[in-house]
Amino acid sequence: MRRELALHTDKYQINMMYAHWVNGTHKRKAVFEAYFRKLPFGNGYAVFAGLERIVGYIGGLRFTEDDIRYLSEQEENYAPAFLEELLQFHFQGTVHSMKEGALIFPDEPLIRVEGTIMEAQLVETAILNFMNYQTLIATKASRIKQVAPNDILLEFGTRRAQEADAAVWGARAAYIGGFDATSNMLAGKMFSIPTKGTHAHSWVQSFGSEQEAFDAYAKVMPDEVTLLVDTFDTLRSGVPNAIHTAKKLEAQGKKMVGIRLDSGDLAYLSRQARKMLDDAGLDYVKIVASNDLDENTIMDLKLQGAAIDTWGVGTQLITASDQPSLGGVYKLVEIESATGEMIPTIKISSNPEKVSTPGKKDVFRIIGKNGKALADYICFPEEEAPRNGARLKLFNPLHPYMHKYVERYEALPMLVPIYVNGFQVYTLPDLNEVRRYHREQKDLFWPEYQRKLNPEVYRLNLSEKVWTSKQQLIAEHIRPDIE
Ligand SMILES: Nc1ncnc2c1ncn2[C@@H]1O[C@H](COP(=O)(O)OP(=O)(O)OP(=O)(O)O)[C@@H](O)[C@H]1O
Ligand SMILES: O=P(O)(O)OC[C@H]1O[C@H](OP(=O)(O)OP(=O)(O)O)[C@H](O)[C@@H]1O
Ligand SMILES: O=C(O)c1cccnc1
């Protein structure tokens, strides 16, 4: 949560900045693009998140006197004039990005940074750090929402998160992905996320009896009572005691909100508890469940007919435990030559999937006449189609002979300007607006792309110009072996 984040970077960025500075190349213009290569959790899409933190980071990017002192003590012996320049540094580049909540796909530019090589290099580490984590958690949350679209989802992960930043920004990402509230009060305060809380076993343990504990809690919070019923014996004591408390509240004209189950067979216990509550005339009392839940257990519990209205999800969500990192990368796609021209660059790999796509690029979401997304289309900024609505050729980059033409479509520009020459031009939307955008984005996609297991692969198409330029650069860089 530290605000001064200039040193929140890998040492090699500072070293490259320094080497460019000594070499006299530090002011060369460069274009970098951030993207990931593989969707997490086997999902059909990811949910873009992290932009708000990135915007704050870039806007406040300054080296303090203290940072400079620290740098001056490094074994690299950075020249004092270089450090002096760092003290004056602020970001003057241009950034385009996907909007938070957007559905995003492998190999498409998500964030594009244009600036001097020195400034564009510096921001790599932090941008990837923020984007990779928050996108991962928003995607996990969206997956959980997918299996419980009409239930209430509570984010309970703070105690298991990888430290404080992950808890707070993870709570925000979960809210973007479809969660309804968080237990983290700081996240609530910082981002205006609704907060919710029940009570812990310790509350019950700290009283002489469960009934006493329930009544005392209900007395203090008559309008917000959700009682944890599994401290001793869920069906023999917890639920009956909660019913007594609810009845006492009813006598005062109040309604208990819910009970929470946190262990045992959640399907069986919730069905039994529902029956006991209904038989007592308490059909309005909701059932909350928690205990190491994720999208798979929730789906399974629903299949078993669990009578659960609200799901509290912690560890599995906040740590994205089945895939704890997203492999987003940041690659140089264009660099200014000594004569001032912008030259596309490529990163070759023996793994064809890892070969980067050269040149500064834009992304359009192509919406067909039925209002659904057909494909994402990547082209150079100077290309007229799809901006002018001209016929588009969509072809498979691995098998270019497989192609089709689209004539009637809408092309939604996905990368929006965030910073232009160092000035923030993008107004960060309210978080509820981000959630709304995420829902609208999901409506653009057929369910086939959204299903949790073996989803359809959404198409990503390169324009012919982008594809040809990539093939040319590959041919220039790969010399066939002759044996
Ligand atoms: N009916 C069910 N079907 C599938 N999974 C369930 C069902 N009921 C509970 N679970 C899940 O099974 C796991 C049970 O974990 P565990 O054995 O640690 O819990 P427990 O012994 O009931 O409770 P605790 O150890 O917290 O007191 C949890 O992930 C829980 O969400
Ligand atoms: O299970 P999660 O999805 O991470 O949700 C958060 C958990 O945190 C609390 O218990 P805690 O873990 O402190 O203790 P417990 O496991 O003994 O209930 C709560 O009762 C949940 O079980
Ligand atoms: O409010 C709750 O019930 C809660 C909050 C955090 C973790 N576990 C439960």
Side-chain angles (χ1 to χ4, degrees), residues 137 140-141 143-145 147-148 151-164 166-168 170-171 173-175 177 179-188 193-206 210 213-214 217-218 220-221 223-239 242 256-275 285-322 324 452:
I137 303 306
K140 183 77 177 169
R143 241 172 112 69
I144 296 171
K145 176 79 179 169
V147 299
D151 301 343
I152 304 288
L153 296 172
L154 308 178
E155 187 282 308
F156 279 175
T158 297
R159 64 193 59 203
R160 303 280 149 60
Q162 326 293 21
E163 263 275 9
V168 169
Y175 190 58
F179 270 59
D180 297 285
T182 178
S183 62
N184 186 300
M185 294 300 283
L186 182 56
I193 304 173
T195 51
K196 286 275 177 225
T198 71
H199 68 74
H201 297 112
S202 58
W203 173 260
V204 177
Q205 291 167 262
S206 67
E210 192 177 49
F214 285 177
Y217 201 69
V220 179
M221 267 176 262
D223 299 317
E224 266 309 317
V225 191
T226 297
L227 298 172
L228 176 59
V229 293
D230 75 333
T231 306
F232 303 122
D233 186 329
T234 302
L235 298 181
R236 289 208 198 112
S237 86
V239 177
M256 189 167 96
V257 174
I259 59 166
R260 176 162 73 97
L261 304 171
D262 189 43
S263 57
D265 182 331
L266 296 173
Y268 171 75
L269 292 175
S270 64
R271 283 196 308 266
Q272 295 300 314
R274 180 75 274 155
K275 186 165 180 335
V285 173
K286 302 284 185 211
I287 299 184
V288 184
S290 52
N291 191 14
D292 219 18
L293 297 169
D294 68 1
E295 65 274 33
N296 300 315
T297 37
I298 293 175
M299 194 166 96
D300 212 72
L301 285 164
K302 288 173 91 66
L303 268 178
Q304 295 169 52
I308 295 167
D309 308 284
T310 299
W311 307 88
V313 187
T315 314
Q316 303 286 334
L317 165 65
I318 209 74
T319 64
S321 68
D322 48 338
K452 166 174 154 311

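Both backbone and side-chain heavy atoms feed into the values below; hydrogens, waters and symmetry mates do not. Note that this is a predicted model, so its numbers are computed, not measured. Start at 1 and go down the list; that is how both ligands and their atoms are numbered.
Using a 4.5 Å cut-off on side-chain heavy atoms (C-beta onward), Asn184 and Val168 make contact. Side chains of Thr182 and Tyr175 form no contact here, defined as non-hydrogen atoms less than 4.5 Å apart. Between Thr158 and Leu186 the shortest side-chain heavy-atom distance does not fall below 4.5 Å. Between Glu155 and Ile318, the closest side-chain pair of non-hydrogen atoms falls below 4.5 Å. Residues Asp322 and Glu295 form a side-chain contact, since some pair of their non-hydrogen atoms from C-beta on lies under 4.5 Å apart.
Residue contact check: Ala267 has heavy atoms under 4.0 Å from atoms 1 (N) of ligand 1. Under a 4.0 Å criterion applied to the non-hydrogen atoms of Arg260, ligand 2 contributes the atoms 19 (C), 20 (O). Close approach to Thr315 involves these atoms of ligand 2, each under 4.0 Å from a residue heavy atom: 2 (P), 3 (O), 4 (O). The distance from ligand 2 to the heavy atoms of Asp292 drops below 4.0 Å at these ligand atoms: 1 (O), 2 (P), 3 (O). Set against the non-hydrogen atoms of Leu293, the atoms of ligand 1 under 4.0 Å away are 31 (O). Within ligand 2, counting atoms from 1 as listed, the ones closer than 4.0 Å to a heavy atom of Gly314 are 2 (P), 3 (O), 4 (O), 5 (O).
Note that atom 29 (O) of ligand 1 has protein non-hydrogen atoms nearby, at separations under 4.0 angstrom. Under the 4.0 angstrom criterion, atom 17 (O) of ligand 1 counts as lacking any protein heavy-atom contact. Checking atom 16 (O) of ligand 2 against the protein gives no heavy-atom contact under 4.0 Å. The nearest protein heavy atom to atom 13 (C) of ligand 1 is not closer than 4.0 Å. Per-atom contact check: atom 21 (O) of ligand 1 does not touch the protein, criterion being a heavy-atom distance below 4.0 Å.
Asp223 approaches Val257 most closely through the heavy-atom pair O-CG2, 3.6 Å. When all heavy atoms are compared, the tightest approach of Ala267 to Leu301 is N-CD2, 3.5 Å. Contact record, Ser237 with Glu210: OG-OE1, 2.8 Å, taken as the closest heavy-atom pair.
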| task | Let me see the working for Phe179 and Ile193 under side chain to side chain contact (heavy atoms under 4.5 Å, CB included), right down to the final yes or no. | result | CA-CA 10 Å; Phe179 270 59; Ile193 304 173; over 6 Å; no
| query | So Leu317 and Ile137, side chain to side chain contact (heavy atoms under 4.5 Å, CB included) or not? Walk me through it. | reply | CA-CA 7 Å; Leu317 165 65; Ile137 303 306; 4.1 Å; yes
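Here the protein heavy atom with the shortest distance to atom 9 (C) of ligand 1 is Gly264 O, 3.3 Å. The protein heavy atom nearest to atom 21 (C) of ligand 2 is Asp262 OD1, 3.5 Å. From the protein, the heavy atom lying nearest to atom 8 (N) of ligand 1 is Leu266 N, 3.0 Å. Of the protein's non-hydrogen atoms, Thr297 CG2, 4.2 Å is the one closest to atom 11 (C) of ligand 1. The nearest protein atom to atom 4 (C) of ligand 1, hydrogens excluded, is given as Gln304 NE2, 3.8 Å; this is a heavy-atom distance. Here the heavy atom of the protein found nearest to atom 7 (C) of ligand 1 is Leu301 CD2, 3.6 Å. From the protein, the heavy atom lying nearest to atom 27 (O) of ligand 1 is Ser263 CB, 3.6 Å. Looking at atom 19 (O) of ligand 1, its nearest protein heavy atom turns out to be Asn291 ND2, 3.1 Å.
Of the possible polar contacts, none joining the Asn296 side chain to the Met299 backbone as a donor-acceptor pair under 3.5 Å is found. Within the 3.5 Å criterion, the main-chain N or O of Leu293 finds no donor-acceptor partner in the side chain of Thr297.
Salt bridge Lys196/Asp180: absent, no basic N to carboxylate O contact under 4.0 Å.
Residues passing the side-chain hydrogen bond (donor to acceptor under 3.5 Å, both in side chains) test with Asp300, sequence neighbours excluded: Gln304.
Other residues, nucleotides and ligands place no more than 12 heavy atoms under 6.0 Å from the OH atom of Tyr268.
Neither side chain, Arg160 nor Thr319, offers a donor N or O lying under 3.5 Å from an acceptor on the other.
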Atom pairs, nitrogen or oxygen, ligand 3 to protein, under 3.5 angstrom:
| from | atom 1 | to | atom 2 | distance (Å) |
| --- | --- | --- | --- | --- |
| ligand 3 | 1 (O) | Thr198 | N | 2.8 |
| ligand 3 | 3 (O) | Thr198 | OG1 | 2.5 |
| ligand 3 | 3 (O) | Arg260 | NE | 3.2 |
| ligand 3 | 3 (O) | Arg260 | NH2 | 3.4 |

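Under the side-chain contact (heavy atoms from CB on, under 4.5 Å) test applied with Val229, the options Asp262, Val204, Leu235, Val239 reduce to a single match, Val239.
By the criterion of a heavy-atom distance under 4.0 Å, the side chain of Arg159, and not its backbone, is placed next to ligand 2.
Considering backbone and side-chain N/O atoms, Asp300 never comes within less than 3.5 Å of an N/O atom of ligand 1.
By heavy-atom distance, the residue among Glu155, Arg160, His199 lying nearest atom 14 (O) of ligand 2 is Arg160.
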